[in-house]
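First the proteins, then the strands, lettered A, B, ... as listed; each starts at 1.
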There are 2 protein chains.
Amino acid sequence: MSSAVQPDGARTQAYRRIRSDIAAGALVPGSWVREGPLADTLGVSRTPVREALNALAAEGLVEIVRHRGARVSSWTRRDVDEVYSLRALLEGEGARLAAERADAPVTATLHEHEHAFADAAADLSRLRAVGQDAGPALDSAVEANRALHAAVMRAADSPRLESLLASVSSTPLVALAFGHYADADLARSVAGHHDLVLGIEHRDAALAESAMRSHILGARHAAARSATDA
Amino acid sequence: MSSAVQPDGARTQAYRRIRSDIAAGALVPGSWVREGPLADTLGVSRTPVREALNALAAEGLVEIVRHRGARVSSWTRRDVDEVYSLRALLEGEGARLAAERADAPVTATLHEHEHAFADAAADLSRLRAVGQDAGPALDSAVEANRALHAAVMRAADSPRLESLLASVSSTPLVALAFGHYADADLARSVAGHHDLVLGIEHRDAALAESAMRSHILGARHAAARSATDA
DNA sequence: GAGGCGCGGATCGTATGCGTTCCGGCGCCG
DNA sequence: CGGCGCCGGAACGCATACGATCCGCGCCTC
């Protein structure tokens with residue numbers, strides 16, 4: 001009846017909805033996510049909702065207890081540290097690979113890294129602009145940041161690495177962290193990204209990996225500030 | 001009618017079955033896994049089978065195409081390399097953490113690393129024994145190897161790292177690789193594990209990480225020999 | 001008054017049914 | 001003779017139905 005009939009299935013719809021509700025804070029950690037009510041809200045049946053919950057459980061966003069249901073995962077300080085350590089490890093590796101492979105079509109299935117990195121440079125420019133404007137367009141900074149990281153992973157050209165990273169980055173903490181970004185943090189972030197792009201463009205794997213690692217490990221502290229629960 | 005009525009749900013049953021069938025080679029890469037027939041074979045309905053397939057898809061063991069079904073993933077040489085690189089990265093990190101945390105109860109939720117590592121030493125002994133006997137008890141070596149790696153990850157005390165590792169180790173390649181182990185490989189493996197345990201027991205993070213990395217990166221070549229498809 | 005026990009309600013886990021989508025083969029047309 | 005469109009069959013995606021399991025609460029016993 002609407003405009004779009006079936007862009008994607010009901011399952012994906014449920015998945016996105018629950019995910020965004022968690023990220024937005026509408027679903028607080030520890031609260032239960034009932035299948036029935038959610039199905040009614042979305043206008044679908046319990047089956048796709050159930051599958052979406054299983055997918056979210058696989059990513060660690062919710063915990064499922066047999067015959068009890070699914071509840072939103074709680075994040076302790078230690079969990080946050082763990083996630084950021086792993087992100088540093090994985091994204092560092094991604095940056096290293098990106099630097100090594102930049103415009104060096106060694107293996108098959110590679111297309112146009114250089115082109116992909118033109119985008120990355122554009123993202124960096126956007127970040128810089130926001131850094132100067134300071135403040136208002138923070139959403140834009142978040143988006144530029146996300147795009148830059150995505151460009152790096154694309155250049156790394158390692159689907160499984162990307163998948164692993166998604167498993168730990170899916171957390172709403174990444175978004176929440178930005179809410180606690182001080183201006184100094186933002187400046188440091190921009191500078192870090194500068195080194196990162198520099199390292200990749202000059203095929204300096206050590207610089208790229210190191211810059212990415214410090215970028216993430218630095219962000220960890222900003223994130224830690226937003227971890228309130230035990 | 002059997003003995004056990006409900007040890008665990010039908011979903012887990014289906015999951016294990018499909019997984020082992022893939023590992024055993026009963027399901028060859030590229031072939032389709034139909035929901036209906038499998039449900040009949042297992043004596044359950046399509047629903048739990050379907051959920052099991054989704055779980056396996058999340059781990060990358062099968063690929064699901066909408067309205068077509070699930071088929072066993074094919075492994076190219078490049079996929080194998082990628083998996084082993086990631087294992088080296090993750091297990092290396094695990095070894096590093098294990099060495100850093102060995103008998104140093106800094107954070108909460110740590111119990112008895114030292115005790116956990118008594119087990120690890122025992123596993124190492126078993127590996128050594130097999131190394132000397134050479135040949136016959138290769139299954140025992142596989143098991144000892146698995147136990148040792150598990151002990152390291154336990155000592156690393158990082159649930160998410162463990163989960164990520166499972167995502168890439170789930171592959172049947174790990175088991176297959178041992179089938180192509182030459183005696184020299186086995187000896188190298190034992191020596192590598194020796195350094196690994198040494199590094200952890202002496203809290204030498206660099207040694208532990210390095211030993212684990214070379215152990216895995218070495219095993220990659222043995223695994224590469226068993227990768228036949230394009 | 002405190003603790004154990006049984007009952008009712010709610011929710012999940014699985015089974016089954018129906019509509020939709022896609023593939024493979026056959027006939028028609030250029 | 002080759003390419004294109006239609007049609008039948010099969011499998012999936014989702015909806016719905018039913019039985020199993022667990023929690024909360026009131027009652028009974030000590």
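Salt-bridge annotation for Arg34(A) and Asp40(A): absent, with no side-chain N of the basic residue lying under 4.0 Å from a carboxylate O of the acidic one. Residues Arg96(A) and Glu100(A) are paired through a salt bridge, judged by an N-O separation under 4.0 Å between the basic side chain and the carboxylate.
Which of dG13(D), dG13(C), dA15(C) sits closest to the side chain of Ser45(B) comes down to dA15(C). Of all nucleotides listed (dC14(D), dT11(C), dT14(C)), dT11(C) comes nearest to the side chain of Arg34(A).
In this entry the distance linking CZ of Arg11(A) with C1' of dA15(D) reads 17 Å, nearest Å. We find that CD1 of Ile64(B) is positioned 19 Å from P of dT21(C), with the value rounded to whole Å. Taking atom CZ of Arg66(B) as the reference point, atom C1' of dC22(C) lies 12 Å away to the nearest angstrom. To the nearest angstrom, P of dC12(C) lies 12 Å from CG of Asn54(A). Atom CZ of Arg50(A) and atom P of dC12(C) are 8 Å apart (whole Å). Separating the CD atom of Glu35(B) from the P atom of dA10(D) is a distance of 16 Å, rounded to the nearest angstrom. Distance, His67(B) NE2 to dC23(C) P: 11 Å, rounded to whole Å. We find that CZ of Arg71(A) is positioned 13 Å from C1' of dC23(D), with the value rounded to whole Å.
Ile200(B) approaches Ala208(B) most closely through the heavy-atom pair CG1-CB, 3.9 Å. Among all heavy-atom pairs drawn from Ala95(B) and Leu196(B), the shortest one is CB-CD1, 3.8 Å.
Each of Arg68(A) and Thr47(A) was matched to the nucleotide of DNA chain D holding its nearest heavy atom; the match closer to the 5' end belongs to Thr47(A).
The base of dG13(D) is paired with the side chain of Arg46(B) by a donor and an acceptor separated by under 3.5 Å.
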